[in-house]
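A quick write-up on the structure given underneath.
Index from 1, following the sequence. The structure presented is a predicted model; accordingly, all values stated were derived computationally and were not measured.
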Amino acid sequence: MLLTILCLAAGPSRAASPEDFAVPSVPAGSTFQLAAARGSYVALHFLLKTECPICLRHVREFSRRSGELEGVVQVFLKPDSVEDIERWMNSLGDGVPSAPIIYRDAGAALARAYGIPDGYRFHGEIVHYPALILLDPDGKEIFRHVGRNNTDRVSFGQLAEQVAAAKARNAATPSPAPAPAP
C-alpha cells in the first residue's frame with residue numbers, strides 16, 4: 001500500500017495538513033503526488049466508502065466539465081479496497097469523455113490527515129463525511145467544504161467560483177521585488 005504523508009505544523013484549531021502525499025490509482029499504474037502538481041490548483045474530492053450513487057454523479061459531472069477549470073487538477077479519492085473501487089468505477093458508465101482516475105485513500109488516512117471527520121452512517125457503515133478541499137499552486141489549503149450528509153456537496157459552479165476568486169486574489173498580490181545585485 002502506498003500512502004506517504006509529510007505534515008506541517010498547524011494552527012491551534014486545525015489538524016496538520018499534509019505538506020506532501022502520494023496516493024496510488026485504481027487500477028494500479030499511476031500515482032498522484034502533491035509535489036508533482038505544484039503550480040496547479042488541486043481539488044481533492046473525498047468520496048464516500050461504499051456504493052454511493054451521489055459520488056458517481058459527482059465524479060461524472062466534475063470529470064465531464066474539468067476542462068472548464070484551466071490549471072485545476074481534479075483528484076478523486078475513495079477509501080475502499082481496490083476490488084470495491086474497480087467495481088464502483090464500472091458503474092460510472094457513459095457520460096464522461098474518458099474514464100476519470102480514482103485514487104485509493106486506504107483506510108481514509110489522507111482524509112484523516114486533512115481533518116475530515118468520521119462518524120457518518122451510510123449504507124450500514126461508518127464513513128468519513130463527503131468533502132472537497134481546494135489547494136493553491138503551493139499546496140496550501142484555501143477552501144474546504146465538509147458535507148453534513150451524502151447530498152451536501154460543492155457543485156461544479158461553486159468550485160469554479162472559488163478557483164476564480166483565488167486566481168483573482170493571486171493576481172492582485174504583488175510579487176516580491178527581486179533582490180538587488182551584490
Side-chain angles (χ1 to χ4, degrees), residues 1-37 41-63 66 72-92 99-136 139-155 158-159 162:
M1 165 182 68
L2 171 66
L3 176 62
T4 309
I5 301 175
L6 305 171
C7 292
L8 291 169
S13 64
R14 288 189 57 115
S17 295
E19 177 182 309
D20 191 17
F21 63 86
V23 286
S25 67
V26 175
S30 67
T31 299
F32 175 82
Q33 185 165 358
L34 182 59
Y41 289 86
V42 176
L44 300 174
H45 301 264
F46 291 93
L47 306 172
L48 294 178
K49 185 177 194 307
T50 73
E51 297 294 323
C52 172
I54 305 292
C55 292
L56 287 169
R57 280 198 305 270
H58 179 86
V59 170
R60 281 185 200 116
E61 178 184 10
F62 279 78
S63 295
S66 64
V72 179
V73 178
Q74 308 287 334
V75 179
F76 303 103
L77 298 149
K78 280 188 73 59
D80 301 282
S81 69
V82 169
E83 296 78 20
D84 287 343
I85 294 172
E86 287 174 340
R87 190 171 29 259
W88 182 84
M89 287 174 63
N90 288 332
S91 301
L92 279 171
I101 297 173
I102 307 297
Y103 295 94
R104 183 165 185 244
D105 179 14
L110 188 58
R112 276 195 296 287
Y114 274 100
I116 298 169
D118 285 339
Y120 177 58
R121 286 199 165 279
F122 187 71
H123 288 280
E125 294 191 51
I126 301 290
V127 297
H128 64 74
Y129 287 81
L132 183 138
I133 294 177
L134 180 62
L135 307 175
D136 72 8
K140 294 183 178 33
E141 182 178 326
I142 57 173
F143 173 78
R144 94 171 15 226
H145 176 83
V146 177
R148 293 168 294 190
N149 58 49
N150 192 30
T151 60
D152 185 10
R153 308 275 179 134
V154 170
S155 71
Q158 290 168 320
L159 176 60
Q162 291 296 325

Legend entry - Considering all heavy atoms, the nearest H45-H58 contact: ND1-NE2, 2.8 Å
Inset, instruction - Measure the shortest side-chain to side-chain distance between R112 and D118 over non-hydrogen atoms and say whether it is less than 4.5 angstrom. - result: yes
Inset, instruction - Let me see the working for F21 and L44 under side-chain contact (heavy atoms from CB on, under 4.5 Å), right down to the final yes or no. - result: CA-CA 12 Å; F21 63 86; L44 300 174; 3.8 Å; yes
Legend entry - For the student: nearest non-hydrogen atoms of A35 and D20, plus distance: N-OD1, 2.9 Å
Inset, instruction - Any chance you could measure L132, atom CG, to F76, atom CZ, to the nearest 0.5 Å? - result: 9.0 Å
Legend entry - Spacing of CG belonging to L34 relative to CG belonging to L110, to within rounding of 0.5 Å: 9.0 Å
Legend entry - Gap between atom OG of S81 and atom CD of E86 - 0.5 Å precision: 8.5 Å
Inset, instruction - Classify the ring geometry between H128 and F46 as parallel (under 30°), tilted (30 to 60°) or perpendicular (over 60°). - result: perpendicular
Legend entry - Interatomic spacing from CZ in R57 to OG1 in T151 - rounded to 0.5 Å: 9.0 Å
Inset, instruction - To the nearest 0.5 angstrom, please state how far the CG atom of L56 sits from the CE atom of M89. - result: 11.0 Å
Legend entry - Pairwise distance NE2(H145) to CD1(I116) - rounded to 0.5 angstrom: 11.0 Å
Legend entry - Side chain to side chain, L47 and R153, heavy atoms closer than 4.5 Å: yes
Inset, instruction - Could you pull out all residues at least two apart from Q162 that satisfy side-chain contact (heavy atoms from CB on, under 4.5 Å)? - result: L134, F143
Inset, instruction - Grab the two heavy atoms, one from D136 and one from Y41, that are nearest each other, plus how far apart they are. - result: CA-CD2, 3.7 Å
Inset, instruction - Determine the minimum heavy-atom distance between F32 and V42, stating which atoms define it. - result: CZ-CG1, 4.0 Å
Inset, instruction - For I133 and L135, work out which heavy atoms get closest and say how close. - result: CG2-CD2, 3.8 Å
Inset, instruction - Taking all heavy atoms of G115 and all of R144, pick out the closest pair and write down the distance. - result: O-NH1, 4.0 Å
Legend entry - Test item: V26 and W88 side chains (from C-beta on) under 4.5 Å apart, heavy atoms: no
Legend entry - Option passing side-chain contact (heavy atoms from CB on, under 4.5 Å) with D80 (candidates I85, D105, L48): I85
